[in-house]
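See structure below.
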Amino acid sequence: MSFDTPQDNAGFIQAEGFQYALWSDLERELALVYGAADSADQARADRRTVLLDAQGAAILRYSPGLSVGAHPQEVLEDCQALFGD
């Protein structure tokens with residue numbers, strides 16, 4: 001999630017080769033719910049990872065300050081354990 005426009009995110013997604021969607025949260029509504037912002041005036045979203053179930057309920061929240069290098073593997077392993085291969 002970012003506070004950038006969908007158009008800006010589309011360029012970032014393409015430049016970085018992401019294989020997933022990047023949500024635009026211009027009003028900071030999702031960021032406030034999931035703890036990626038403390039206020040609607042915050043300039044940038046804090047880095048947070050939250051796994052959601054099929055109904056959109058948070059089932060696993062990761063602590064802030066995670067290792068960017070190791071975190072993707074940790075999330076993948078948790079997804080495999082929770083949802084199967």
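In this text the structure is predicted, and so the values were computed from the model without any measurement.
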Exercise for the section: Please indicate whether Gln14 has more than 12 foreign heavy atoms, meaning atoms of other residues, nucleotides or ligands, lying under 6.0 Å from its CD. Expected result: no
Exercise for the section: Please say whether more than 12 non-hydrogen atoms of neighbouring residues, nucleotides or ligands are located less than 6.0 Å from CD in Glu27. Expected result: no
Fill in the blank from the handout: Separation between CG (Asn9) and CG (Asp4), nearest 0.5 Å, reads 5.5 Å
Exercise for the section: Working to the nearest 0.5 Å, report the span between CG of Leu22 and CD of Glu16. Expected result: 10.5 Å
Practice task
Please list all pairs passing the ring pair (Phe, Tyr, Trp, His ring centres under 6.0 Å) test where one or both residues lie in residues 27-54, with sequence neighbours left out.
Solution key: none
Problem - Pairs flagged by ring pair (Phe, Tyr, Trp, His ring centres under 6.0 Å) wherever residues 55-75 is involved - sequence neighbours left out - result: Tyr62-His71
When you measure from the side chain of [X] to the backbone N and O of [Y], does any donor-acceptor pair fall under 3.5 Å?
{"X": "Arg48", "Y": "Gly35", "answer": "yes"}
{"X": "Asp25", "Y": "Ser2", "answer": "no"}
{"X": "Arg44", "Y": "Gln42", "answer": "no"}

Problem - Close side-chain approach of Leu51 to Asp78, heavy-atom, < 4.5 Å - result: yes
Exercise for the section: List the steps, then state whether side chain to side chain contact (heavy atoms under 4.5 Å, CB included) holds for Val75 with Thr49. Expected result: CA-CA 9 Å; Val75 173; Thr49 303; 3.9 Å; yes
Handout entry: Under 4.5 Å side-chain linkage, directly or through intermediates, the cluster mates of Leu32
Key = none
Exercise for the section: Report the C-alpha distance between Leu26 and Phe3 in whole Å, list the side-chain angles of each, state the deciding distance to 0.1 Å, and finish with yes or no for side chain to side chain contact (heavy atoms under 4.5 Å, CB included). Expected result: CA-CA 5 Å; Leu26 299 175; Phe3 300 156; 5.5 Å; no
